Amino acid sequence: MIRAGSIRFPFSLETPAEHTGDPPESCDVVVVGGGIVGVMSAWFLARRGLRTVLCEKGRIAAEQSSRNWGWIRQQGRDADELPIMREANQIWRDLATESGDALGFRTTGILYLARSRAEIERYEAWLPHARAAGVDSRLLTAAEVRAHLADARAAWEGGLYTPSDARAEPWVAVPTLARVLAQHAHASLHEQCAVRALDTEAGAVTGVITERGRIRCSQVVLAGGAWSALFARPHGVNLPQLSVVSSAAATDPLPAVFPGGAAERGLAMRHREDGGYTLAPGTFREFFIGPDAFRHLRRYLPQLRSELAATRLRPMAPAGFPDGLVKKKKKK
């Protein structure tokens, strides 16, 4: 198990699988990947009456979907993302209504803190996008920031705040939703069941090949996260995808500072239901250089240039990394 202080993260490869049954021989659609995107894709497909099979190579939510910040954020999104995130916010509210407190969903707001006038101006320039999408974001003065963070010692010029933004507990919410999904008459979930390839005939999908045999289907949803590009490439589909490492830490229970998510240039935090905080170094990430780094360099170069100060370049991706130069072999 992965530990941070006395906090125990409940998912690793050693965790016993919950969804262990053999997959059916056929269905309407196969979902590849058991993170939040895969689980919710299967959720809505099954509710539409489609016979849906979800296949996960490891454990449900055992990768990024249980180790993220837990923010449900509209604030700061690209203008094209905002309508999607507004709908996602409402979906989370509907799910919370159906499940009670099982997801750890709370509407606690998200706060971006500004140490300079330039940051305030950048937030102000984004506000018209929020208004156009009907999102309740607003600028805060320095005094209003202090009211939200009464015991903070730093001096901020102001901030950007979205009261309708929310939080949930990643390592609780996704497995809980998966358990509910597994009880649906039109859905089945299968851990330790990697999908190796698509099965096609005359250019059309006729099924998938898994570790446990073939499943006949006519539709496939690829929700493999960082592994999606590797799966798609042998089938002639080029996903311009790069993988980065963004670290997060979980503290023991601490005095309450702010009930939601807050961030400034070097630190992001989110209060958890267990009384601790999830902490992350803001937008900082490590980027391991592998084949995809060269394959997609031209496409990602503008973003790399604009965020170079927040990116640590590593000379070689480690074995087993999605863009690793050496692929880690599966133990027999």
Side-chain angles (χ1 to χ4, degrees), residues 29 31-48 50 52 54 56 60-61 63-112 123 126-138 160-181 184 187 189 221-226 228 239 241 244 246 248 259-263 268-273 278 280 283:
V29 56
V31 176
V32 181
I36 181 62
V37 174
V39 168
M40 293 314 301
S41 295
W43 178 287
F44 285 105
L45 288 166
R47 288 195 165 191
R48 289 186 179 185
L50 294 171
T52 304
L54 184 150
E56 163 56 44
I60 295 293
E63 297 187 28
Q64 185 174 349
S65 288
S66 63
R67 289 164 169 80
N68 58 62
W69 296 4
W71 288 17
I72 299 171
R73 175 176 64 88
Q74 303 160 104
Q75 179 166 290
R77 298 283 186 176
D78 184 90
D80 291 334
E81 281 186 294
L82 271 170
I84 300 171
M85 295 313 303
R86 186 179 181 190
E87 183 176 357
N89 186 291
Q90 185 58 53
I91 289 171
W92 273 104
R93 295 176 189 280
D94 294 341
L95 292 171
T97 299
E98 292 181 32
S99 59
D101 284 337
L103 309 181
F105 178 87
R106 300 287 184 271
T107 303
T108 49
I110 287 178
L111 173 62
Y112 284 176
Y123 295 153
W126 177 82
L127 278 177
H129 300 305
R131 296 190 188 102
V135 177
D136 58 347
S137 303
R138 65 175 187 266
L160 179 66
Y161 182 54
T162 305
S164 63
D165 278 347
R167 61 179 173 90
E169 299 302 324
W171 64 68
V172 175
V174 185
T176 298
L177 292 168
R179 292 181 193 114
V180 176
L181 173 63
H184 197 285
L189 279 64
V221 175
L222 177 55
S228 293
L239 294 178
Q241 180 182 40
V244 299
S246 297
M269 69 176 188
R270 196 261 305 175
H271 193 243
R272 295 195 313 274
E273 289 292 281
T278 295
T283 58

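Please read all numbers here as calculations on a predicted model, not as lab measurements. Values below: every heavy atom of this structure, side chains too, minus hydrogens, waters and symmetry copies.
- To the nearest 0.5 Å, atoms OG (Ser41) and CG (Leu54) are separated by 8.5 Å.
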### Query
Run the side chain to side chain contact (heavy atoms under 4.5 Å, CB included) check on Arg73 and Asn89 step by step: do they pass?
CA-CA 8 Å; Arg73 175 176 64 88; Asn89 186 291; over 6 Å; no
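- Using a 4.5 Å heavy-atom threshold, the side chains of Leu189 and Glu56 count as separate.
- For Ala168 against Ile72, the heavy-atom pair with the smallest separation is CB-CD1, 3.9 Å.
- Atom OG of Ser65 is separated from atom CH2 of Trp171 by 14.0 Å, given to the nearest 0.5 angstrom.
- Between the side chain of Asn68 and the backbone N or O of Gln64, at least one donor-acceptor pair lies under 3.5 Å.
- Between the side chain of Arg167 and the main chain of His271, a donor-acceptor pair closer than 3.5 Å is present.
- Side-chain atoms of Glu87 do not come within 3.5 Å of backbone N or O of Ile84 as any donor-acceptor pair.
- A 4.5 Å side-chain heavy-atom check between Trp43 and Leu177 finds at least one atom pair inside the cut-off.
- Looking only at side-chain heavy atoms (C-beta outward), Arg270 and Pro259 stay at 4.5 Å or farther from each other.
- Asp136 meets the salt bridge (Lys or Arg N to Asp or Glu O under 4.0 Å) test with no other residue; sequence neighbours excluded.
- Ser137 and Leu160 get closest at one heavy-atom pair: CB-CD1, 4.4 Å.
- One finds the CZ atom of Arg67 at 12.0 Å from the OG1 atom of Thr278 (value rounded to the nearest 0.5 Å).
- Thr52 places a side-chain N or O within 3.5 Å of a backbone atom of Leu50 that can act as its donor or acceptor partner.
- In this structure, the side chain of Asp165 engages the main chain of Gln74 through a donor-acceptor pair within 3.5 Å.
- The two atoms that bring Ile60 and Pro175 nearest to each other are CG2-CA, 4.4 Å, heavy atoms only.
- The two residues Glu169 and Arg272 make their nearest non-hydrogen contact at OE2-CA, 3.5 Å.
- A donor-acceptor distance shorter than 3.5 angstrom exists from the side chain of Arg86 to the backbone of Ala133, with no hydrogens or angles considered.
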### Task
Run the numbers on Leu103 and Val172 for side chain to side chain contact (heavy atoms under 4.5 Å, CB included), then give the verdict.
CA-CA 6 Å; Leu103 309 181; Val172 175; over 6 Å; no
#### Entry: Verdict with supporting geometry, Thr162 and Tyr112, side chain to side chain contact (heavy atoms under 4.5 Å, CB included)
CA-CA 9 Å; Thr162 305; Tyr112 284 176; over 6 Å; no
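- Partners of Trp69 under the ring-ring contact (aromatic ring centres under 6.0 Å, His included) rule, at least two apart in sequence or in another chain, are Trp71.
- Nearest approach of Gln75 to Trp126, heavy atoms of both residues: CA-CH2, 3.8 Å.
- The closest donor-acceptor contact from the side chain of Ser66 to the backbone of Ala61 lies under 3.5 Å.
- Residues in residues 90-106 take part in these salt bridge (charged side-chain N to carboxylate O under 4.0 Å, His left out) pairs, two or more places apart or across chains: Arg47-Glu98, Asp101-Arg106, Arg106-Glu273.
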### Query
Please walk me through it: do Phe44 and Ile91 pass side chain to side chain contact (heavy atoms under 4.5 Å, CB included)?
CA-CA 11 Å; Phe44 285 105; Ile91 289 171; 4.1 Å; yes
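- Listed here is the closest heavy atom pair of Ala187 and Ala46: CB-CB, 3.9 Å.
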